[in-house]
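Report on the structure given below.
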2 protein chains.
Amino acid sequence: MHNKPPTIKDIAQRLHLSISTVSRALRNASDINPETKKSILQLAEDLNYQPNRLALSLRQNQTNTIGVIVPNLDYVISTMVKGIDEAALEAGFTVIVCQSNESFGREVVNTRRMLNSLVDGFIISISSETKSNEHFKVLSERKIPFVVFDRVIPDLVASSVILDNEEGGFLATEHLIEQGYKKIAILAGPQTLGISNSRLDGYKKAMKKHDIRFDDELVTYCDFNQDFAFYATEELLSSKKRPDAIFAISDRMAIGAMLAIKKKGLKMPEEIGLVGFNNEPSLALFNPSISSVEQPSFEIGKLAGKIFIEQFLNNDFSSHKEVILKPKLVIRESSVRLTRKGN
Amino acid sequence: MHNKPPTIKDIAQRLHLSISTVSRALRNASDINPETKKSILQLAEDLNYQPNRLALSLRQNQTNTIGVIVPNLDYVISTMVKGIDEAALEAGFTVIVCQSNESFGREVVNTRRMLNSLVDGFIISISSETKSNEHFKVLSERKIPFVVFDRVIPDLVASSVILDNEEGGFLATEHLIEQGYKKIAILAGPQTLGISNSRLDGYKKAMKKHDIRFDDELVTYCDFNQDFAFYATEELLSSKKRPDAIFAISDRMAIGAMLAIKKKGLKMPEEIGLVGFNNEPSLALFNPSISSVEQPSFEIGKLAGKIFIEQFLNNDFSSHKEVILKPKLVIRESSVRLTRKGN
DNA sequence: AACGTTTCCGGTATCGTTACCGGAAATATT
DNA sequence: AATATTTCCGGTAACGATACCGGAAACGTT
């Protein structure tokens, strides 16, 4: 029947009231007769009235929407997005997600597009391609709030929620050392990416602590990609400095490494150890199951969401919170060579 | 410096023109002096003018945004969403994704929320909980276009893009039969879900074709969930009708089944065969690697997007396209018992 | 020269909502 | 009883854009 959704105007006409009165009734209730209010609310209910969010946003210059920009939607990030989602839902915000597909260009386009009055601000994890931060400086200039998470933007002050990646790298490496592995290689990510370097730093720190000389021939930079990791591992395994353990800074890379190891016919964990990063659920299902560094993804997302909303509601553009959460090492078969002593 | 983004009004004032003229210049260029137009476009460029999409949408009653409602963002669905994304991008549309988390309540809320002038229409895959279609009937009444994909909505006419699920079930089952498995169990999904039943139908069809009596004790309905599948399989394996093959209608369930099989100590594929559904990438990495029915997820999404956009642009609410795409069986170790004869 | 036709531009209403102001009626105060 | 104060409501102007109408100038036509 009714083709168009009811508006405040429809309600006003039906009740022979002005739209101002109806508007008041539907909002804060000040300056209005309880009786009138009741009848308005009743009719609104009957008509299934829903305020037009476009008009609202246009009028109030506020959309109650958060733009989330992520490089992809893999396991970790989609879990983080669920965290953001939850924080947003609790505060009555809507979330719009855009994948940059690890492409700088799409990141810029998406930002600009959303900026067109579609969102109140952003929660961002940059693409691995992103080196410039020009498109984000615009945000600061226009005083548009944003929070970064997971991967931070270099040289840009902003609130951030990230993992202690150095600690993650340290935990993984020290664990391998304690298991008696001597020549531990690291499959690092793209050199441009902060998380990549931090995990490498943790690796170095653990090596240093245990008086193992750092050997940069055991460091391989490659994309966050199973295939790249596969080839990189093949190369490592056939070099004369053949490592007896590999720390891959993502699970995808760990899987690639594992395939190369299997192809080579090496026994895991006896001849070679392996630790990944992120603790994707499927790792437990492999044979051998793969150890990995777990991060509190959901919490990271939820915190990022909360901080964003808090700063937005308080119009707080100056104070910058920096939250760093701790990772946890999940030990499985791929890296356990020693039988535990005692109980 | 400039705190607010420039508007058409700013341009008009700077050039001592009316906003009408500026608006015309920025749109179709009819009724305007080329010179004036040029200067307007120039200034717009300099100011980095971007039209306010809220105002535009409000005025034109059109948002150029598609609301996508999905039960979750697993591998298959997120691939489909990427397909929708691509179709949308090509046509200048934006996509908003909402997960219902397999919950009927959130599905209703999300639909209502987006309906508030946020989207021009919907592309939907229903949650497994959804039985009623009331919240979608509203769409038909209000003549809001929508296309369903993956999982269709029962008793509701609409354009749809789905997989030939019966064919998928048939392919998997016939393959197991041809491999000499005799007692083939099926881990079916929730009985409420169409895709679940279609795949079961395919299973039955294959059984019938090969003159194998259908035994409903070999049918287990359970959630799309690894744990449920694990327990269901344990039960199957310890029953006196112990099957010698399992067809799981999702890969997650297949993995659950595999864990139960390993726990029981059965050899795969010798003692028991296994086929999954969806062909998630990780299946190739298990030991043994798991066979699965692959669906053209990206194409399904892209087609759904294209059909939506086409019907929307043509204001076509009556014609309903129903596209059914064919699955493909990917055979791996988990189900191959016979050595191929010939070549 | 008087008229009709283009060409080009400005004014105004509108989309649905809220913010602000002002005013009539009802009530309270002196 | 006159005045002050609430209480409650309506009118109007925005938010940023487009659509429609109408009108002045410039041009073409007879």
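Protein chains get the first letters and strands the later ones, always in sequence-line order, with residue 1 at the start of each. Atoms considered below: every heavy atom in the structure, side chains included; atoms not considered: hydrogens, waters and symmetry mates.
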Among C/dT17, D/dG16, D/dA19, find the nucleotide with the atom closest to the side chain of B/Ala55. D/dG16
What nucleotide among C/dT17, D/dA19, C/dA19 has an atom nearest to a side-chain atom of B/Arg27? D/dA19
Indicate for each nucleotide in nucleotides 7-14 of chain D, in 5' to 3' sequence, whether protein heavy atoms under 4.0 Å reach the base (B), only the sugar-phosphate (S), or nothing (-). -BBBBBBB
Would you mind telling me which residue lines up with the more 5' stretch of DNA chain C, A/Leu26 or B/Gln60, judged by nearest nucleotide? B/Gln60
Roughly, in whole Å, what's the span from [atom1] in [X] to [atom2] in [N]?
X: A/Leu56; N: D/dG16; atom1: CG; atom2: P; value: 15 Å
X: B/Asn61; N: C/dT17; atom1: CG; atom2: C1'; value: 15 Å
X: A/Asn52; N: C/dT17; atom1: CG; atom2: C1'; value: 8 Å
X: A/Ile8; N: C/dC15; atom1: CD1; atom2: C1'; value: 13 Å
X: A/Gln13; N: C/dG16; atom1: CD; atom2: P; value: 11 Å

Single hit among A/Asn133, A/Leu156, A/Ile124 for side-chain contact (heavy atoms from CB on, under 4.5 Å) with A/Leu139: A/Ile124
Think B/Tyr49 has a side-chain N or O under 4.0 angstrom from the OP1 or OP2 of D/dA17? yes
Should B/Ser23 be listed as having a side-chain N or O under 4.0 Å from OP1 or OP2 of D/dT18? yes
Applying salt bridge (charged side-chain N to carboxylate O under 4.0 Å, His left out) to A/Glu134 and not counting sequence neighbours gives A/Lys137
Set of residues satisfying side chain to side chain donor-acceptor pair (under 3.5 Å) with respect to A/Ser160, sequence neighbours excluded: none
Which residues pass the side chain to side chain donor-acceptor pair (under 3.5 Å) test with B/Glu107, sequence neighbours left out? B/Thr130, B/His135
List the atom pairs, donor and acceptor, that lie under 3.5 Å between side-chain atoms in residues 51-58 of chain B and the rest of the protein, sequence neighbours left out.
{"from": "B/Asn52", "atom 1": "OD1", "to": "A/Ser117", "atom 2": "OG", "distance (Å)": "3.2"}
{"from": "B/Asn52", "atom 1": "OD1", "to": "B/Leu54", "atom 2": "N", "distance (Å)": "2.8"}
{"from": "B/Asn52", "atom 1": "OD1", "to": "B/Ala55", "atom 2": "N", "distance (Å)": "3.1"}
{"from": "B/Asn52", "atom 1": "ND2", "to": "A/Ser117", "atom 2": "OG", "distance (Å)": "3.1"}
{"from": "B/Arg53", "atom 1": "NH1", "to": "B/Thr94", "atom 2": "OG1", "distance (Å)": "3.4"}
{"from": "B/Arg53", "atom 1": "NH2", "to": "B/Thr63", "atom 2": "O", "distance (Å)": "3.1"}
{"from": "B/Ser57", "atom 1": "OG", "to": "B/Arg53", "atom 2": "O", "distance (Å)": "2.8"}
{"from": "B/Ser57", "atom 1": "OG", "to": "B/Gln62", "atom 2": "O", "distance (Å)": "3.4"}

Please table the atom pairs, donor to acceptor, closer than 3.5 Å between any side-chain atom in residues 85-92 of chain A and protein atoms at least two apart or in another chain.
{"from": "A/Glu86", "atom 1": "OE2", "to": "A/Lys302", "atom 2": "NZ", "distance (Å)": "2.8"}
{"from": "A/Glu90", "atom 1": "OE2", "to": "A/Lys302", "atom 2": "NZ", "distance (Å)": "3.3"}

